[in-house]
Peer 1: 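Here it is, the structure in full.
Keep in mind that what you see is a predicted model, and the values were worked out from it rather than measured. For the numbers below, each heavy atom of this structure counts, side chains included, while hydrogens, waters and symmetry mates do not. The sequence lines fix the lettering, A, B, ..., with proteins before strands; numbering per chain opens at 1.
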Amino acid sequence: MAERYELKSKEVWDGNTAASHALRQAQVDVVAAYPITPSTPIVQNYAQFLADGYVDGEFVMVESEHSAMSACVGAAAAGGRVATATSSQGYALMVEVLYQASGMRLPIVMTVVNRALASPLNIHGDHGDLYLGRDAGWIHLIANNPQEAYDMTLCAFKIAEDERVRLPVTTNQDGFLVSHTAQVVEPLQDEVAYKFIGDYKPMNPMLDTKNPQTYGAQTEEEWHFEFKASQHKALMESSKVIDEVFAEFEKVSGRKYNRVESYKIEDADVAIVVMGSAYETAMVAVERAREEGIKAGLVMPRSFRPFPYNEIAEKLRNVKAIAALDRSCPMGAMGALYNEVSGALSANGQSAIMTNYIFGLGGRDTTVEHILEVIKETDKNAKAGKRVTDLQGFINLRGPKLSFN
Amino acid sequence: MKKITNLKEFACTPDRFQGGHRLCPGCAHGMIVREVVNATDDDLVISTATGCLEVCSAIYPYTSWDVSWLHIGFENAAAGISGAEAMYKALSRKNRSYNPDKNVKFVAFGGDGGTYDIGFQSLSGATERGHDFLYVCLDNEGYMNTGGQRSSSTPVGAHTTTSPRGRVSYGEKNRKKDLTMIMAAHGCPYVATAVPGTKHWKDLATKAAKAISTVGPTFINALSPCTTEWKFKPEDTTEIADLAVETCMFPLYEIEDGHKLTITYRPKQKIPVEEYLGRQGRFAHLFKPENKWVIEEIQKQIDEYWEYLQRREEAGV
Ligand SMILES: Cc1ncc(C[n+]2csc(CCOP(=O)(O)OP(=O)(O)O)c2C)c(N)n1
Ligand code: SF4
């Protein structure tokens with residue numbers, strides 16, 4: 001039995017420490033991992049928890065991320081709680097196995113500390129990796145600070161393991177900006193956290209050898225489509241479970257989370273849609289814009305998959321102009337968030353003038369002033385009643401202004 | 001460890017790998033798998049790499065596997081089984097084991113492509129980490145599921161679709177990777193070669209029983225004659241396997257603790273390699289006058305290697 005870890009009611013944790021404590025409190029049975037900046041401390045902390053007797057699961061220190069996720073798949077199919085963490089190239093190396101994990105409906109939890117994808121090599125934060133795994137069939141939750149990194153990871157286990165879901169979940173946090181930024185975090189006590197998540201509920205465990213299971217079979221034309229459609233259904237319908245888990249989490253923690261978060265959106269004319277730590281920067285920018293007389297508001301999908309189309313559209317029902325900010329360069333298109341938001345609006349018969357901004361690649365600073373500038377440009381569109389600014393702009397990019405129309 | 005006695009008794013073991021799969025008639029994969037899974041009475045959890053065995057044995061809604069079975073991808077059978085084995089350890093320690101009265105053993109199967117090539121990294125990693133599992137390579141010396149391409153196990157002179165014979169080519173030019181020795185060099189407690197069939201059935205079954213009951217990572221490299229791509233008649237599979245042993249093209253031996261080598265079968269009289277090559281379409285072009293030197297070269301390599309094995313056994317190191 002693992003030792004109890006004495007936690008203060010307020011701890012000073014960075015995002016990595018926060019995530020690793022969530023793994024510890026979940027008493028994960030198998031962690032299989034491979035280190036990569038900036039997620040490495042999660043793995044190191046876990047190794048130390050093990051060395052100090054605070055966890056008694058198996059820690060499999062594999063030879064690559066491909067094997068990390070493969071071992072997670074084997075362990076989860078065997079029938080117990082499984083978690084890992086990665087970033088960037090490590091995530092890229094896992095991609096093949098991400099699809100296999102979700103296709104087998106295995107409730108693995110992975111903290112992704114978001115980081116740019118090479119080339120050029122860069123260890124800092126952007127959402128290149130988050131978007132890479134977009135269609136892999138995992139639930140994606142977004143955490144904007146260490147407190148949320150902790151809270152989302154606890155929730156992730158409960159969502160993933162719910163028998164209506166049984167899908168793998170990533171909790172995303174921005175590299176360095178969250179992973180290495182220490183803040184005050186209010187953790188739950190171990191017993192409370194574990195009770196919230198609950199004991200692992202096995203479904204078709206391979207280790208129940210009395211009832212042999214076949215995992216990862218081949219399907220041909222007559223079945224493949226049905227498998228994929230039912231997997232998609234489970235992911236779409238996980239929204240309900242996410243809502244329930246967030247509501248339960250509020251009861252134990254007092255902290256309320258929503259699949260779509262917003263700030264001052266109720267009476268806004270212009271809206272910023274953004275994911276990750278920039279959400280908090282944008283909050284300040286919204287305040288400043290309001291001081292200057294622009295009715296600005298802010299929206300963020302906390303679950304990027306399943307994407308909350310109707311809830312986002314509802315939040316944006318009354319705005320005239322929207323800027324969707326993507327922390328990843330889409331290469332030949334609008335950013336993913338722009339596309340999702342415009343899809344959400346059109347599906348609900350709404351229209352607003354939409355623009356796309358690319359920001360923060362490879363850890364590039366995005367300040368309150370930068371976002372305030374975007375709000376002002378968006379306000380021009382709102383006032384003109386049509387788009388008078390460029391379709392896609394780049395925030396804080398050196399050199400001549402880059403934009404596409 | 002299960003006692004392997006006589007063939008009749010062994011053959012009566014209830015099948016845990018059922019017939020009705022879609023392997024080609026005469027395919028050695030099924031024979032090897034059946035012998036391995038029947039070599040233990042313990043419960044089994046099996047992983048299989050992408051390849052002929054996988055695509056032929058578990059096509060939804062059917063499965064030939066009467067044991068728990070997992071396929072993830074081409075290169076990760078060893079990583080996948082290491083995760084399952086880790087979970088078994090964790091749950092046993094936490095008293096949450098699903099079937100506490102039974103021992104569970106872990107076995108991975110991969111073709112030579114999934115083992116010598118793309119899966120080598122994960123196999124090496126899982127072995128180094130000391131997981132308690134047996135890895136069986138079904139060595140048919142090529143990528144057969146994708147239509148007979150070369151692998152690093154393809155022997156010199158063999159025609160494959162990516163090392164074809166042609167006007168200026170005699171087929172595969174590189175020497176077959178010596179994976180068995182590489183696995184031994186990992187310090188595995190037990191490593192062996194084996195062939196399917198009736199003549200050496202006991203050798204394979206005993207080795208499998210030994211490997212499964214040994215704690216730690218063990219490895220068996222099993223030659224798996226492929227009727228389709230080696231081009232021989234389906235009824236000749238075991239004869240071809242036997243010829244590989246009698247010519248010393250595929251010698252039978254085992255290595256314990258990474259160093260102690262024992263030859264488990266010695267041909268009374270080593271047969272010239274032509275006998276083996278001549279029975280398979282993939283080597284037919286070697287019998288043209290301009291390619292005769294390749295056969296001589298293969299014979300030379302075989303002789304040298306056989307000599308090496310014998311000396312190593314004698315030396316006891
Ligand atoms: C990552 C990846 N690359 C390529 C393939 C295509 N592929 C499937 S099976 C196979 C060859 C299998 O050969 P081998 O491992 O020798 O097994 P065999 O079919 O000969 O038994 C290949 C190339 C794949 N499934 N995955
Ligand atoms: S192609 Fe060869 S290895 Fe594959 S199933 Fe047929 S005989 Fe067996």
Peer 1: Is it the side chain or the backbone of L91(B) that comes within 4.5 Å of chain A heavy atoms, both, or neither?
Peer 2: side chain

Peer 1: Under 6.0 Å between ring centres, would you say that holds for Y60(B) and F227(A)?
Peer 2: yes

Peer 1: Does any backbone or side-chain atom of E85(B) lie under 4.5 Å from a heavy atom of chain A? Answer side chain, backbone, both or neither.
Peer 2: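 E85(B) has no heavy atom closer than 4.5 Å to chain A.
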
Peer 1: Angle between ring planes, W65(B) versus W69(B), binned at 30° and 60°: parallel, tilted or perpendicular?
Peer 2: parallel

Peer 1: Taking side chain as everything from C-beta outward and backbone as N, CA, C, O, which of these in R96(B) sits under 4.5 Å from a heavy atom of chain A? Side chain, backbone, both or neither.
Peer 2: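 Contact with chain A involves the side chain of R96(B) alone.
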
Peer 1: Between S88(A) and D129(A), is the side chain to side chain donor-acceptor pair (under 3.5 Å) condition met? List the steps.
Peer 2: CA-CA 5 Å; S88(A) 183; D129(A) 51 9; 5.2 Å; no

Peer 1: Would you find a donor on one side and an acceptor on the other, under 3.5 Å apart, between the side chain of Q89(A) and the backbone of A118(A)?
Peer 2: yes

Peer 1: Below 4.5 Å, heavy-atom pairs only: which of D43(B), N95(B), V104(B) has the largest tally toward chain A?
Peer 2: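 Heavy-atom pair counts peak at D43(B).
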
Peer 1: Heavy-atom cut-off 4.5 Å, strictly under: side chain, backbone, both or neither for S122(B) against chain A?
Peer 2: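 For S122(B), the contact with chain A is made by backbone and side chain together.
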
Peer 1: For residues H21(A) and F49(A), establish whether the separation of their ring centroids is below 6.0 Å.
Peer 2: yes

Peer 1: For the candidates S57(B), A78(B), A86(B), which exhibits the highest count of non-hydrogen atom pairs separated by less than 4.5 Å from chain A?
Peer 2: A86(B)

Peer 1: Using modelled atom types and a 3.5 Å cut-off, is there a donor and acceptor pairing between side-chain atoms of D66(B) and backbone atoms of P212(A)?
Peer 2: no

Peer 1: Please state whether the side chain, the backbone, both or neither of V55(B) comes within less than 4.5 Å of a heavy atom of chain A.
Peer 2: both

